[in-house]
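Note sheet for the following structure.
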Amino acid sequence: MVFSGLAERLQETFKKLRGKGRLTEEDVDQALKEVRRALIGADVNFLVVKDFIAKVKERAIGSDVLQSLTPAQQVVKIVHDELAELMGGTNSKIELAPSPPTVIMMVGLHGAGKTTTTAKLANLLRRQGRRPMLVAADIYRPAAIKQLQVLGGQLNMPVFSMGDSVAPPDIARAAVDKAKRDGNDLVIIDTAGRLHIDEELMAELRRIVDTVHPDEILLVVDSMTGQDAVNVAKTFNEMLSLTGVILTKLDGDTRGGAALSVKAVTGCPIKFIGMGEKLDALEQFHPERMADRILGMGDVLTLIEKAQANFDAEQVEKLNKRIRSMEFTLDDFVQQIHQVKKMGPLDQILGMIPGLGNLKKLKNLEFDEKELVFVEAIINSMTPWERQNPQEINGSRRKRIARGSGTSVQDVNRLLKQFEQTRKMMRQVMDMEKNMKKGKLGKNPFGFGKKGSPF
Amino acid sequence: MGFFGKLKESLTKTRKNFVEKVEAIVTGRKIIDESLYEELEETLIQADVGIDTALELVENLRAEVKKRKIGNPEELPAVLKELIQQALGEETGGIETGAEQPFVIMVVGVNGVGKTTTIGKLANFYKEQGKSVIMGAADTFRAAAIDQLEIWADRVGVQVIKHTEGSDPAAVAFDSLHAAKARKADVLIIDTAGRLHTKSNLMDELKKVRRVIGRELPGAPHEILLVVDATTGQNAISQAKLFKEAVDVTGLALTKLDGTAKGGVVVAVRQSLGIPIKMIGVGEGIDDLRPFNAKEFVDALFAKSDKTEVQAV
């Protein structure tokens with residue numbers, strides 16, 4: 001789960017704060033020390049952290065936090081706001097040239113993921129109506145050209161290459177000319193990865209810029225990068241004046257502190273994030289959501305968006321009604337499983353649910369998607385009447401169901417128990433909702449969320 | 001310039017930097033105080049050692065100072081270096097190919113750390129020792145990964161066993177192993193696709209590759225090398241942990257140390273997981289992979305990178 005480590009630590013800190021009614025200045029200091037620790041642990045650059053902490057403290061102490069009735073929440077809010085601000089506004093737009101083609105140049109260190117990201121970006125922009133051409137200007141790394149050609153082939157997109165003996169600036173110029181002739185309104189240039197201290201290669205990048213004047217120069221940064229991220233970003237920015245940043249490999253468990261570092265040093269917006277190996281796994285960057293995640297508030301917005309994209313609204317409404325009227329049956333349970341499965345890997349989804357991201361138990365809990373298949377099989381082996389009246393399923397029925405679904409009676413027992421628990425929990429949620437005026441999760445259609453139970 | 005020339009050159013710079021840094025920290029100080037400890041701690045953090053390890057090291061430093069009754073600030077960095085070297089373990093780096101024939105090395109890691117390049121350099125390393133080497137192209141996922149390995153094989157002058165893109169990596173490993181046996185190769189190096197350690201299905205695939213190798217040649221793979229990019233931060237700990245759990249990594253190769261990146265996280269990896277560092281890559285040349293030496297590495301950790309000014313945006 002992205003950022004879960006940082007989220008855990010901050011929540012731990014704020015739990016300590018929440019215990020008290022009012023905060024003293026020392027309390028804030030203590031909390032901020034933990035924040036600092038967590039941020040450095042998340043690979044945010046040391047100097048960025050210093051700056052950040054100073055800012056938060058200033059706001060925390062300068063404002064009415066200490067007099068406020070809910071100081072902990074106030075501090076959380078300040079940290080959250082500052083984090084979001086540090087990571088910048090939402091800006092996933094690519095600047096289009098007044099007269100086509102728009103030229104985008106991809107730069108970055110070795111192994112950051114430039115070539116893959118080049119293909120992903122082209123794929124994304126094509127879906128927005130552009131006609132991209134990929135340009136293989138990495139003439140140094142063995143088989144880099146071939147890699148781009150293969151990816152271009154997978155996407156059915158033209159890839160421009162002049163082999164590995166023509167200078168990259170000349171390749172870039174020829175590519176732009178060809179794009180004009182062929183009517184491609186977007187040119188994405190994949191450049192060679194480099195070590196940023198390599199002045200010769202940096203000068204070559206500079207020459208590409210001077211030759212084709214790209215509309216966008218995007219720095220591709222591995223989100224697992226540590227303290228060095230600031231040096232990388234700074235050098236590239238000074239040499240090339242970056243227009244944006246793309247963070248890659250965020251689908252791992254990195255806490256992604258590099259996002260904060262890079263933004264702080266370059267001031268460039270983080271435009272996209274790479275979330276997987278497939279060529280459509282490039283997403284918009286949302287600083288607010290990232291901050292939410294960091295603070296363990298869960299990525300509610302992404303979750304809702306995913307849900308909206310995959311849920312049948314009518315079904316959800318029906319389900320909600322049933323939950324409300326306590327008519328939730330095993331039929332609904334199966335339906336729910338189907339819906340949830342459509343949304344993607346279960347552990348990713350659970351990580352987005354507020355309050356679940358930090359459950360220690362969950363961390364060790366393996367979510368075996370295959371188990372869902374068993375659950376389905378068990379329920380499908382019940383008669384419609386049994387599904388409506390699970391409490392009526394007696395011993396011999398259980399035996400029959402187990403045989404029918406190829407499971408054991410114990411499995412059936414467990415499922416029925418879990419289902420009962422889910423129902424109970426729903427009842428509790430309903431009660432809670434009544435007490436709250438407007439709960440953030442008021443429309444949460446998910447039955448799971450109970451500690452230790454994946455259902 | 002020969003290998004040692006290059007090494008010397010990079011280390012001269014390192015030493016110079018180190019001396020300067022030390023001087024900057026201790027100059028004008030008469031006593032060992034809190035701010036001195038703090039600066040040493042910051043140096044460690046900036047080298048990606050990680051906050052917990054940094055704190056622990058500085059804590060140990062305090063204890064040593066007390067124990068040895070050190071009063072001169074100028075002695076501190078040397079003691080700290082000693083402590084880090086201890087943390088890195090006594091064993092020397094490098095991978096000795098033993099009596100086994102073929103000696104099988106399986107190379108694993110997340111995406112983009114430099115696995116294929118490391119394999120090319122490693123093959124060259126053994127070739128120069130007069131050993132016969134075969135490479136197994138079991139990265140069948142990434143576009144053109146096989147081509148990349150083949151180019152390296154041509155450069156070094158060794159053979160590659162390959163299938164087509166998208167084929168089963170375990171099958172490639174199987175064939176490579178049989179080819180290496182039949183051709184009586186001394187060393188077999190197997191490339192695998194980069195994968196994020198959190199993707200359990202991909203880690204399962206890796207386990208299978210390992211299982212197949214072990215089944216076909218008991219005792220193999222003799223070395224499972226996890227390649228870690230020196231620019232990686234604290235995530236490297238999680239990488240090492242999960243790769244170790246999956247395939248029982250036996251050593252680390254630290255790559256891309258030729259930038260400003262320090263790769264200090266390997267100290268934490270060594271300490272928390274006990275995985276020794278075996279090789280380090282210090283440049284882009286084919287000769288630029290060498291056995292790890294704790295002393296040189298610690299020198300580099302303390303080298304000062306340019307002070308980066310961070311302005312608030």
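Sequence lines set the chain letters: A, B, ... in the order given, protein chains first and strands last, and positions in each chain run from 1.
- Using a distance-only test at 3.5 Å, with no hydrogens or angles considered, no donor-acceptor pair links the side chain of K146(A) to the main chain of D147(B).
- Note: D229(B) CG to L109(A) CG = 8.0 Å, rounded to the nearest 0.5 Å.
- Within a 6.0 Å sphere centred on CG of N156(A), other residues, nucleotides and ligands contribute 12 heavy atoms or fewer.
- Contact between I151(B) and A143(A) at its shortest, heavy atoms only, is CD1-N, 3.5 Å.
- With a 4.5 Å cut-off on side-chain heavy atoms, T255(B) and H110(A) do not count as touching.
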Legend entry - Derivation of the side chain to side chain contact (heavy atoms under 4.5 Å, CB included) call for R37(A) and L55(B): CA-CA 11 Å; R37(A) 207 186 152 86; L55(B) 288 175; 3.1 Å; yes
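- Summarising the local packing, NZ of K120(A) is surrounded by more than 12 heavy atoms from other residues, nucleotides or ligands at distances under 6.0 Å.
- Note: N111(B) leads I146(B), V110(B), N111(B), L149(B) in heavy-atom pairs under 4.5 Å with chain A.
- Residues of residues 233-241 of chain B that come within less than 4.5 angstrom of chain A, heavy atom to heavy atom, are G233(B), Q234(B), N235(B), S238(B), Q239(B) in numerical order.
- The distance from the CD atom of Q227(A) to the NZ atom of K262(B) is 10.5 Å, given to the nearest 0.5 Å.
- Just one of L196(B), V113(B), T231(B) meets the side-chain contact (heavy atoms from CB on, under 4.5 Å) condition when paired with M224(A); it is L196(B).
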Inset, instruction - Kindly determine whether E42(B) and K50(A) satisfy salt bridge (charged side-chain N to carboxylate O under 4.0 Å, His left out), including the steps that lead there. - result: CA-CA 11 Å; E42(B) 287 176 6; K50(A) 261 190 174 171; 3.5 Å; yes
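- T198(B) is not listed as a side-chain neighbour of D251(A), based on a closest heavy-atom distance of 4.5 Å or more.
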Legend entry - CA sep, side-chain torsions, deciding dist, call: T232(B), D43(A), side chain to side chain contact (heavy atoms under 4.5 Å, CB included): CA-CA 9 Å; T232(B) 311; D43(A) 288 324; over 6 Å; no
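- Contact between I40(A) and I45(B) at its shortest, heavy atoms only, is CG2-CG2, 3.7 Å.
- With rounding to the nearest 0.5 Å, the separation of CD in Q46(B) from CG in N231(A) is 8.5 Å.
- Neither the backbone nor the side chain of V265(B) comes within contact range of chain A; no heavy atom of the residue lies under 4.5 Å from a heavy atom of that chain.
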